[in-house]
Amino acid sequence: MFGPATVTSRWIRFAAAVLAVTGTAACSPSLDAAEHAVILLYHHVSTSSPSSTSVTPDRFEEHLEYLAQNDFAVLPLEEIVRALDGGHALPPRAVALTFDDAYESVYDEALPRLERRNWPFTVFVATDPVDDGYAGFMSWDELRDLEARGGTIGNHSADHAYLLRRQPDENHAVWRERVRDNIMHAEARLEQELEQPLPFFAYPYGEFDAPLESIVTDLGYVGFGQQSGPVGRSYEQSRLPRYPVATGFDDLDSLAEKLRTRPLPVTVLGPDSTVLAAGADAPLLRLHIPDGAYRRDAMRCYVAGQEPARIEWDGDVASIRAREPLDTGRSKYNCTAPAASGPGVFFWYSHLWIKQAQGGSETSQGVYQIGDE
């Protein structure tokens, strides 16, 4: 039987090993290099796959060489999560490497390069394409070999569906049960086929909202999105950010900028949902941002295809609104504040939005569900 107890037991299995590495000393309360890390997200490592989700093998090699030449500590993803959750110190320049979807190119191109450096990495697997033998995806034999050669495996759902969307006439309770079954079916397959899959879940397409986060948390998972930014101790472990890396955003200057960032400590005051109705005006985001080692007066929030968003301050509270309505589908407010010292260093927070199309969805897969009712 597979369920939350199975996921929780995995924490017990590797907690002792992680603590042996990270130690038990608590970090100081200051936001420094020992209290944050950067998680990079790749999909394809190939010259023949869509550029929007790909880096070439040569560019990936350049990334790895940059990490090595600049003394980055490439750590297991679980070590970073446990350290941040438990308040344990991380080495300066801590970074984790992750891959979504289990594409064949990761096995062919990324694995040999990472194995040569003895660097850990994590692949999030949607299990149905593997079970069905889809072209371009790894097989279970390859995933087992990858695990034996230094990789770890996380859950990416069974079928990589848009989990926020409800089927026609589906109420909240039925939606919740369907999504839970989807995730746990993938869990069962990972447990059946692999040695030690992680209690980590990557949201398909990076889409999440509070009800979906609740399912993931109730099942015992740490959740990972695709909203950009470094991870820090103040961030919710149901929605940890990762930096997507793909053609057009993969040159070494762009990589270096990402790796220099620090987590901007925010508390979201509103709205409660990341999902916007079709035709909605530009959403108002309210963030509590305490004073810190950054220049709040120079903070900017960027929206793709628009001028920077308007920001109004009331003490420690920033009210942020895009200048134009957001496009249908996924959008982000990417907020950055330069460090008070250290040129080229920015504190970063990214907020996800998902806007419905007219009729509820841009496809026939159902409608985005909003809220708990």
Side-chain angles (χ1 to χ4, degrees), residues 27-41 66 70-73 80 83-84 87 89-95 225-236 239-245 249 251-271 274 282-324 326 331-353:
C27 294
S28 68
S30 63
L31 260 176
D32 56 27
E35 294 189 10
H36 86 279
V38 167
I39 305 172
L40 300 177
L41 163 61
Y66 182 89
N70 289 278
D71 299 322
F72 283 89
I80 289 173
L84 295 175
L90 285 166
R93 301 190 177 193
V95 63
Q226 295 185 26
Q227 76 279 20
S228 56
V231 294
R233 287 172 55 194
S234 65
Y235 284 11
E236 295 289 339
R239 55 167 74 185
L240 292 177
R242 297 179 291 168
Y243 277 113
V245 185
F249 303 92
D251 62 77
L252 291 184
D253 287 342
S254 177
L255 179 68
E257 179 183 56
K258 295 176 175 71
L259 293 168
R260 288 194 300 267
T261 56
R262 305 288 185 266
L264 184 65
V266 307
T267 300
V268 178
L269 303 179
T274 60
L284 175 66
L285 175 65
R286 298 180 66 247
L287 301 176
H288 179 270
I289 305 175
D291 195 15
Y294 38 81
R295 292 180 51 207
R296 289 188 305 187
D297 62 305
M299 188 176 84
R300 299 290 183 271
C301 293
Y302 299 95
V303 184
Q306 299 188 23
E307 294 295 316
R310 295 184 176 90
I311 305 175
E312 295 182 359
W313 287 93
D314 182 7
D316 292 342
V317 176
S319 295
I320 304 157
R321 192 189 295 273
R323 295 175 184 272
E324 303 172 21
L326 302 181
S331 298
K332 301 170 189 174
Y333 287 0
N334 288 322
C335 297
T336 67
S341 60
V345 176
F346 286 84
F347 287 74
W348 190 303
Y349 171 74
S350 181
H351 192 87
L352 174 70
W353 304 103

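Both backbone and side-chain heavy atoms feed into the values below; hydrogens, waters and symmetry mates do not.
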Asker: Give me the atom names and distance for the closest heavy-atom approach of V38 to P230.
Answerer: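 Scanning both residues, the minimum pair turns out to be CG2-CB, 4.0 Å.
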Asker: Going by heavy atoms in the side chains, are W353 and P271 under 4.5 Å from each other?
Answerer: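 They are in side-chain contact.
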Asker: Donor-acceptor pair, distance only, cut-off 3.5 Å: does the side chain of R321 make one with the backbone of L285?
Answerer: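 A pair under 3.5 Å: no.
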Asker: With distance as the sole test, does R260 use its side chain to make a donor-acceptor pair with the main-chain N or O of F346 at under 3.5 Å?
Answerer: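 Not at all, since once roles are kept as given, no pair shorter than 3.5 Å links the two residues.
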Asker: Are more than 12 heavy atoms, taken from residues, nucleotides or ligands other than D314, located less than 6.0 Å from that residue's CG atom?
Answerer: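 No.
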Asker: Taking the side chain from Q227 and the backbone from K332, do they hold a donor-acceptor pair closer than 3.5 Å?
Answerer: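 Not confirmed, Q227 side chain does not pair with K332 backbone.
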Asker: Closest approach of R323 and Q306, non-hydrogen atoms and distance?
Answerer: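 Minimum heavy-atom contact is N-OE1, 3.3 Å.
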Asker: Do R93 side-chain atoms and N70 backbone N/O form a donor-acceptor pair below 3.5 Å?
Answerer: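 Pair found, side chain donor or acceptor close to backbone of N70.
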Asker: Which distance, rounded to the nearest 0.5 Å, do you find between the CD1 of I320 and the CZ of R300?
Answerer: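 It is 12.0 Å, given to the nearest 0.5 Å.
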Asker: Could you measure the distance from the CD1 atom of I311 to the CZ atom of R296? Nearest 0.5 Å is fine.
Answerer: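 Rounded to the nearest 0.5 Å, the CD1-CZ separation comes to 12.0 Å.
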Asker: What is the distance from atom CG of L264 to atom CG of N334, rounded to the nearest 0.5 Å?
Answerer: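 If I round to the nearest 0.5 Å, the distance is 11.5 Å.
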Asker: Could you go step by step and tell me if W313 and I289 meet the side-chain contact (heavy atoms from CB on, under 4.5 Å) rule?
Answerer: CA-CA 10 Å; W313 287 93; I289 305 175; 3.9 Å; yes
Asker: For the residue pair P244 and Q226, what are the closest heavy atoms and their distance?
Answerer: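 Where P244 meets Q226 most closely, the heavy atoms are CG-O, 3.2 Å.
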Asker: Which heavy atom of P263 sits nearest to which heavy atom of G232, and what is that distance?
Answerer: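 That closest heavy-atom pairing would be CG-CA, 3.8 Å.
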Asker: Return the OH to CE distance between Y294 and M299, rounded to the nearest 0.5 Å.
Answerer: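 Answer rounded to 0.5 Å: 9.5 Å.
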Asker: Under the salt bridge (charged side-chain N to carboxylate O under 4.0 Å, His left out) rule, collect the residues that match up with R239, sequence neighbours excluded.
Answerer: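 Listed in chain order: E213.
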Asker: Has Y333 got a side-chain atom pairing as donor or acceptor with A322's backbone, closer than 3.5 angstrom?
Answerer: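 Indeed, once roles are kept as given, a pair shorter than 3.5 Å links the two residues.
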Asker: Which heavy-atom pair separates P241 from V231 by the least distance, and what is that distance?
Answerer: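 In terms of heavy atoms, the two residues are closest at O-CG1, 3.4 Å.
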Asker: Could you tell me the separation between the OG atom of S228 and the OH atom of Y302, rounded to the nearest 0.5 Å?
Answerer: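 The distance works out to 12.5 Å.
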Asker: What's the separation between atom CZ in F347 and atom OG1 in T261, rounded to the nearest 0.5 Å?
Answerer: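 If I round to the nearest 0.5 Å, the distance is 9.5 Å.
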Asker: Between V268 and Y349, what is the shortest heavy-atom contact and its length?
Answerer: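 Taking V268 first and Y349 second, the nearest heavy atoms are CG2-OH, 3.5 Å.
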Asker: Take atom OH in Y66; do more than 12 heavy atoms of anything else shown fall under 6.0 Å from it?
Answerer: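 Count over threshold, so yes.
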